[in-house]
Amino acid sequence: MHRPGNAAHTLSVLAGFLGLLGCYGSPEAGNPLDELTGDERDRFKKGRVVFNQVFTPKTGLGPLFNGTACADCHNEPVPGGGGSFTQLNASVL
């Protein structure tokens, strides 16, 4: 279970957001959208740092990750773009 504020939750949300940007096939995948405000661009830049950060179990890397950074998988055509495979995770409660 993810608790708001922990590194794994933040990483998961960020990866989903940046991954969606790459899914549209834009040549600017991995870059901020033109219509972002200055504050939104600053947040994007901070998020890019986290997106490229290498994580360990001690810093929040969970058991369902395929790499140690979001950019390990979300890298086509550039970091922040889509990935080369689709993954489905399911659990039984």
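As the structure is a prediction and not an experimental result, all values here were calculated from the model.
- In terms of heavy-atom proximity, Leu61 sits nearest to Phe55 at CD2-O, 3.8 Å.
- With a 4.5 Å cut-off on side-chain heavy atoms, Pro32 and Arg48 count as touching.
- Of all the heavy atoms in Glu40 and Glu35, the pair that sits closest is OE1-O, 4.3 Å.
- Checking side-chain atoms of Arg41 against main-chain N and O of Leu33 turns up a donor-acceptor pair under 3.5 Å.
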